[in-house]
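Here's the structure, in structure tokens; my notes come after.
Per chain, numbering begins at 1; letters A, B, ... match sequence-line order.
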Amino acid sequence: GENVEQHPSTLSVQEGDSAVIKCTYSDSASNYFPWYKQELGKRPQLIIDIRSNVGEKKDQRIAVTLNKTAKHFSLHITETQPEDSAVYFCAAAGTYKYIFGTGTRLKVLA
Amino acid sequence: GAVVSQHPSWVICKSGTSVKIECRSLDFQATTMFWYRQFPKQSLMLMATSNEGSKATYEQGVEKDKFLINHASLTLSTLTVTSAHPEDSSFYICSASGTSGRVSYEQYFGPGTRLTVT
């Protein structure tokens, strides 16, 4: 079946450094790739997304890249801050259903 | 815009009882609503998808007779956990999509409902 692999499961970085989270999807029909940040006990919040007709998208300190051929997409956070600490989920969507990755717990150390 | 609410935000119930969770789209018409379950330190797992006025489509392994979903209007879907057991304790999150998103199937998430079955 469809699945999305996400790595790493945990990531610790020093404040100011960059963080990279990678996802791989299996369904070649996927064409929309959102990234979510989730704090404990709260709803996932969309932080950035990319569609399959675009290879890269940036929004301030956050960027996402997509390699459709390899079925890889990545989240890049630069100049990390303590408030970036949270769990991040990638997702892949083909028609209407989202398949979520397993999540990455990011800790930004002050 | 695109606000989704859930009620209650948390609930404690006794084993064997039923619990109903409501999901509402406040400022848009949700043609499709989704119900997810999230266990501690795990990802969101889709339980079922419902379209207004039709029966829900359940994911493999989700018991449709235990998790009753009703999507009676374009702004309201309900999930009823019947005969709840402690293993049903989880964080239940709904999402909704409609015609107002930038992407036609962009999902907007509710704040979640923490269910604890004692």
Is any side-chain heavy atom of [Y] closer than 4.5 Å to one of [X]?
X: B:Met45; Y: A:Phe100; value: no
X: B:Lys41; Y: A:Leu40; value: no
X: B:Gln107; Y: A:Lys97; value: no
X: A:Pro44; Y: B:Ile93; value: yes

With a 4.5 Å cut-off on side-chain heavy-atom distances among I, L, V, M, F, W and Y, is there a chain of contacts connecting [X] to [Y]?
X: B:Val62; Y: B:Val117; answer: yes
X: A:Tyr36; Y: A:Leu11; answer: no
X: A:Leu46; Y: A:Val87; answer: yes
X: A:Ile47; Y: A:Phe89; answer: no
X: A:Leu75; Y: A:Leu106; answer: yes

Neighbour count >12 (heavy atoms, 6.0 Å) for atom [atom1], [X]:
X: A:Gln60; atom1: CD; answer: no
X: A:Glu15; atom1: CD; answer: yes
X: A:Lys71; atom1: NZ; answer: yes
X: A:Glu79; atom1: CD; answer: no

Quiz item: What about the rings of A:Tyr98 and B:Phe34, do their centers lie closer together than 6.0 Å?
Solution: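 Between A:Tyr98 and B:Phe34, the centre distance exceeds or equals 6.0 Å.
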Quiz item: Heavy-atom distance under 4.5 Å to chain A: side chain of B:Gln38, backbone, both or neither?
Solution: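 Interface part for B:Gln38: side chain.
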Self-check item: Residue part contacting chain A, namely of B:Leu46, when any heavy atom lies under 4.5 Å
Solution: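 Side chain only.
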Practice problem: Apply side chain to side chain contact (heavy atoms under 4.5 Å, CB included) to A:Thr102 and list each qualifying residue two or more places apart in sequence or on a separate chain. | Solution: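 Residues passing side chain to side chain contact (heavy atoms under 4.5 Å, CB included) with A:Thr102: A:Gln6.
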Quiz item: Which pair of non-hydrogen atoms, one from B:Phe91 and one from A:Gln38, has the smallest distance, and what is that distance?
Solution: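 Heavy atoms of B:Phe91 and A:Gln38 come nearest at CE2-NE2, 4.1 Å.
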Self-check item: Test item: B:Ser43 side-chain N/O and A:Gly101 main-chain N/O as donor-acceptor pair under 3.5 Å
Solution: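 Checking the backbone N and O of A:Gly101 against the side chain of B:Ser43, a donor-acceptor pair under 3.5 Å is found.
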Exercise. Say whether, by atom type as modelled, one donor and one acceptor occur between the side chain of A:Arg43 and the main chain of B:Phe109 under 3.5 angstrom.
Key: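 Judged by distance alone, yes, a pair lies under 3.5 Å.
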Self-check item: Those residues of residues 63-83 of chain B, ordered by number, that approach chain A below 4.5 Å (heavy atom to heavy atom)
Solution: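 Counting heavy atoms that sit under 4.5 Å from chain A, no residue of residues 63-83 of chain B is involved.
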